[in-house]
Peer 1: 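Please see the structure below; I have some questions.
Labels below follow one simple rule: chain letters A, B, ... track the order of the sequence lines, proteins then strands, and each chain is numbered from 1. Source: prediction; values computed, not measured.
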Amino acid sequence: MSEPITPADAVPVVDENQVIAGRRAKLEALRAQGNAYPNSFRRDALAADLHGQFGEAETTALEALGSRAAIAGRLMLKRVMGKASFGTLQDSSGRIQVFCQLNTLGEASYELFKSCDMGDILGVKGKVFKTKTGELSVWADSLELLVKGLRPLPEKHAGLTDIEVRYRQRYVDLIMNPDAKAVFEKRTKIVRFIRNFLDTLGYQEVETPMLQPIPGGATARPFTTHHNALDRQLYLRIAPELYLKRLVVGHFEKVYEINRNFRNEGLSTRHNPEFTMLEFYQAYADYRDLMDLTENMIRDCALAVNGSAQLTNQGREYDLEKPFHRWTMAEAVAKANPDLDASRFNDADYLRPHVKAKGGNPQPSYGAGKLLTELFEATVEATLMDPTFITAYPTEVSPLARRNDDNPDVTDRFEFFLGGREVANGFSELNDADDQAARFKAQVDAKDAGDDEAMFFDADYIRALEYGLPPTAGEGIGIDRLVMFLTDSASIRDVLLFPAMRPEAG
RNA sequence: GGGUCGUUAGCUCAGUCGGUAGAGCAGUUCGCUUUUAACGAAUUGGUCGAUGGUUCGAAUCCAUCACGACCCA
């Protein structure tokens, strides 16, 4: 369904008020005097640079140094006292105070400062000094208004707390809430750490299609789109998996990709329709190798970005220094459900009523593997707080994973849980082309039967497997959920700069 | 999809039993040459999320809808 953009949408009416009208009047006066948006001011220091360089200096020593600085930033606080005034400027590094004095600045510039509003962006040059109370400041001898802020900032003490505005107008959140900014800075550090970790192990980063003719690599509902020139339906990818394994066929034997996946599903504190996934593949390795790698990577990542493997998340203490748990799905379900007979976990007729009793909705087509997985999700998943690998996923729910040599009903697969949430999914790859073709066929049958999350048949992927995929292990890690854990964020929206939202209420 | 809670000035929030819409900050005006959420004085600003209903009278009670938060599926 297409929704054409109308002129009314293109130029929406913006909210106005008395405060904005007053600031617009000031802007018009600035326009009348010349260029209201100059771009010639050059700064030579950030607020944090000055604090780092001079923060410890004695007042008299600083006076003797006579250092000067050119700083620029947003006016966040302002105190006018007749012929002398203070303002607080904020830049990317933090805040620094400026001192404006009629005698030093001259009447025109001093009046300009007095007429400035909170939120305006100023350029200030002057001597670096300390005030009577010892606060490092810049004594302005020149002052330039670089940008007139037309919209008032949130209240200076209480700040911006409305969670909806924080998500919809993230720029205001970032101006007002240093904690919010810190989360996204840490997110960048986490992603940088992961890239470096994998690069160091000899993995190569690649980019594979986001627009795919056949969406594969996961069971999820895809977004559809249309390529006009080819007159062809395309899908936004739900996973890069099948392309990355094609690359392993082509002897990129250690590859990874960190980028966006798209799934046409609901929104929640754990789900956003577009989210960031790390996927990596290593030839001549199995799922146990990847569990070891995952354990090392997450522990080292916490050490690198938090400085400690001990952390608090949503009020609970975690110690990533301890070995991560490793249980099979059947073990975990048996432990959580002592009333069940674990010897009958391969009996669909035995499991079905129990799934229903635990609040599940078992379909007649579900086999024992799918039913056991339902029990796991209903009774175990949310309880896995400490880092835990769950292994031996049923073949029935693992269409891309290699069967276990001793028990073909389960696969050499794990999922990794942290804080009660699934964070990673990895397995030894199915590299038997005929088995893979048969499992695609089963997925197509499920799709025909009405399961719109079932997979498509990807004939080119089968062709690639027919050339020979080396024995390989692969894994996907949900970056957003990992970031939530390491930044103690309750909602995925707190770690996405621009989370998906419904249109604003009109 | 279901449930609970929320939506009042630009921001943060009060608003009693249904009886003329409130505060702080921001804004405007005045004073003030080392302030720290500066201070003192005066002052402007409201479709109480939207639409219906009950009532002599609704921010307040009821219904529906929108958006958001949380919980459940």
Side-chain angles (χ1 to χ4, degrees), chain A residues 13-27 29 59 62-63 74-90 94-107 109-111 113-120 126-127 129-141 148-169 171-173 175-177 265-271 314 355-356 358-362 374 377-379 381-382 420 489-494 499-506:
Chain A
V13 177
V14 265
D15 49 310
E16 286 286 349
N17 61 53
Q18 182 192 34
V19 178
I20 294 174
R23 290 180 176 221
R24 282 199 174 281
K26 289 180 181 177
L27 174 61
T59 302
L62 201 51
E63 176 74 32
R74 191 182 302 275
L75 185 63
M76 300 302 290
L77 293 168
K78 185 184 169 197
R79 298 173 287 280
V80 174
M81 296 152 299
K83 298 183 177 63
S85 303
F86 290 91
T88 302
L89 296 189
Q90 173 171 300
R95 294 183 173 192
I96 185 80
Q97 178 170 268
V98 295
F99 178 56
C100 297
Q101 193 191 40
L102 175 61
N103 289 352
T104 318
L105 269 178
E107 182 150 4
S109 287
Y110 190 69
E111 286 302 313
F113 179 77
K114 285 212 293 184
S115 73
C116 281
D117 294 298
M118 251 92 94
D120 290 355
K127 186 179 67 173
F129 79 112
K130 282 196 171 173
T131 62
K132 274 181 185 171
T133 54
E135 177 159 352
L136 189 71
S137 307
V138 174
W139 192 318
D141 51 41
K148 184 71 199 167
L150 295 178
R151 287 180 176 269
L153 293 177
E155 202 268 334
K156 62 189 176 189
H157 183 55
L160 177 67
T161 61
D162 184 324
I163 194 71
E164 183 175 353
V165 177
R166 292 186 53 204
Y167 293 151
R168 288 193 194 278
Q169 298 178 243
Y171 36 91
V172 182
D173 187 30
I175 291 170
M176 299 305 297
N177 295 318
E265 293 162 358
L267 300 112
S268 78
T269 51
R270 292 178 292 282
H271 298 87
Q314 302 302 297
V355 171
K356 212 171 182 84
K358 303 286 183 185
N361 185 22
E374 294 266 315
E377 288 173 358
T379 64
E381 193 168 315
S489 299
S491 169
I492 195 170
R493 292 180 169 189
D494 295 323
M501 302 285 281
R502 287 190 174 80
E504 286 183 57

Peer 1: Should B:U35 form a Watson-Crick or G-U wobble pair with both distances under 3.5 Å, which nucleotide is its partner?
Peer 2: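 Its partner is none (no Watson-Crick or G-U wobble pair with both distances under 3.5 Å).
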Peer 1: Answer with base, sugar-phosphate or nothing: what part of the nucleic acid does A:Val80 contact at a heavy-atom distance below 4.0 Å?
Peer 2: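 Base contact.
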Peer 1: Relative to the 5' end of RNA chain B, which residue comes earlier, A:Pro152 or A:His157, by the nucleotide with the nearest heavy atom?
Peer 2: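 First, find each residue's nearest nucleotide; the 5'-ward one identifies A:Pro152.
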Peer 1: Starting at the 5' end of RNA chain B, which residue's closest nucleotide do you reach first, A:Gln97 or A:Tyr167?
Peer 2: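 Per heavy-atom nearest nucleotide, the more 5' residue is A:Gln97.
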Peer 1: Counting the atoms with a prime plus P, OP1 and OP2 as sugar-phosphate, which does A:Gly266 contact under 4.0 Å by heavy atoms, base, sugar-phosphate, or nothing?
Peer 2: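 No contact.
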Peer 1: To the nearest Å, give me how far apart CG (A:Leu153) and P (B:C25) are.
Peer 2: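 A:Leu153 atom CG is separated from B:C25 atom P by 17 Å.
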Peer 1: Hunt down the Watson-Crick or G-U wobble partner of B:U28, both distances under 3.5 Å, from any strand shown, or write none.
Peer 2: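 B:U28 is paired, partner B:A42.
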Peer 1: A:Arg493 near the nucleic acid: base, sugar-phosphate alone, or nothing, with a heavy-atom cut-off under 4.0 Å?
Peer 2: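 Sugar-phosphate, no base atom in range.
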Peer 1: For A:Asp117, is there an ion pair with A:Lys78 - N to carboxylate O distance below 4.0 angstrom?
Peer 2: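 A salt bridge is absent here (no side-chain N lies under 4.0 Å from a carboxylate O).
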Peer 1: Check this one for me: any side-chain N or O of A:Lys26 less than 4.0 Å away from OP1 or OP2 of B:U28?
Peer 2: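 For A:Lys26, the contact criterion (side-chain N or O under 4.0 Å from OP1 or OP2 of B:U28) is met.
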Peer 1: With rounding to whole Å, what would you report as the distance between B:C39 and B:U35 at their P atoms?
Peer 2: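 About 13 Å, rounded to a whole number of Å.
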Peer 1: Using the P atom as the reference point in each nucleotide, state the distance between B:C11 and B:A26 in Å, no decimals.
Peer 2: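 Between the two P atoms, the distance is 15 Å.
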Peer 1: Within the 4.0 Å heavy-atom criterion, would you say A:Lys130 contacts the bases, only the backbone, or no part of the nucleic acid?
Peer 2: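 No contact.
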Peer 1: For A:Asn103, report the nucleic acid contact type (base, sugar-phosphate, nothing); a contact means any heavy atom under 4.0 Å.
Peer 2: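 It contacts base atoms.
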Peer 1: May I ask which nucleotide in the shown strands pairs with B:U60, Watson-Crick or G-U wobble, both distances under 3.5 Å?
Peer 2: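 Base-paired to nothing in any strand shown.
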Peer 1: Look at all strands and tell whether A:Thr131 reaches a base, only sugar-phosphate, or nothing, counting heavy atoms closer than 4.0 Å.
Peer 2: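 Base: the residue A:Thr131, judged by heavy atoms under 4.0 Å, touches a nucleobase.
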Peer 1: Mind calculating the distance between CG (A:Asn17) and C1' (B:C25) to the nearest angstrom?
Peer 2: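 Distance, rounded to whole Å: 15 Å.
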Peer 1: Would you mind classifying the nucleic acid contact of A:Lys132 as base, sugar-phosphate or nothing, using non-hydrogen atoms under 4.0 angstrom?
Peer 2: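 Base contact.
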Peer 1: In the structure shown, which nucleotide is the Watson-Crick or G-U wobble counterpart of B:G68, with both distances under 3.5 Å?
Peer 2: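 Checking every strand shown, B:G68 finds its partner in B:C5, with both distances under 3.5 Å.
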Peer 1: State the pairing partner of B:C13; accept Watson-Crick or G-U wobble contacts with both distances under 3.5 Å, and report none otherwise.
Peer 2: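 Paired with B:C13, as far as the under-3.5 Å criterion goes, is B:G22.
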Peer 1: What does A:Thr269 touch in the nucleic acid at a heavy-atom separation under 4.0 angstrom: a base, only the sugar-phosphate, or nothing?
Peer 2: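 The answer is sugar-phosphate, as A:Thr269 gets under 4.0 Å only of primed atoms, P, OP1 or OP2.
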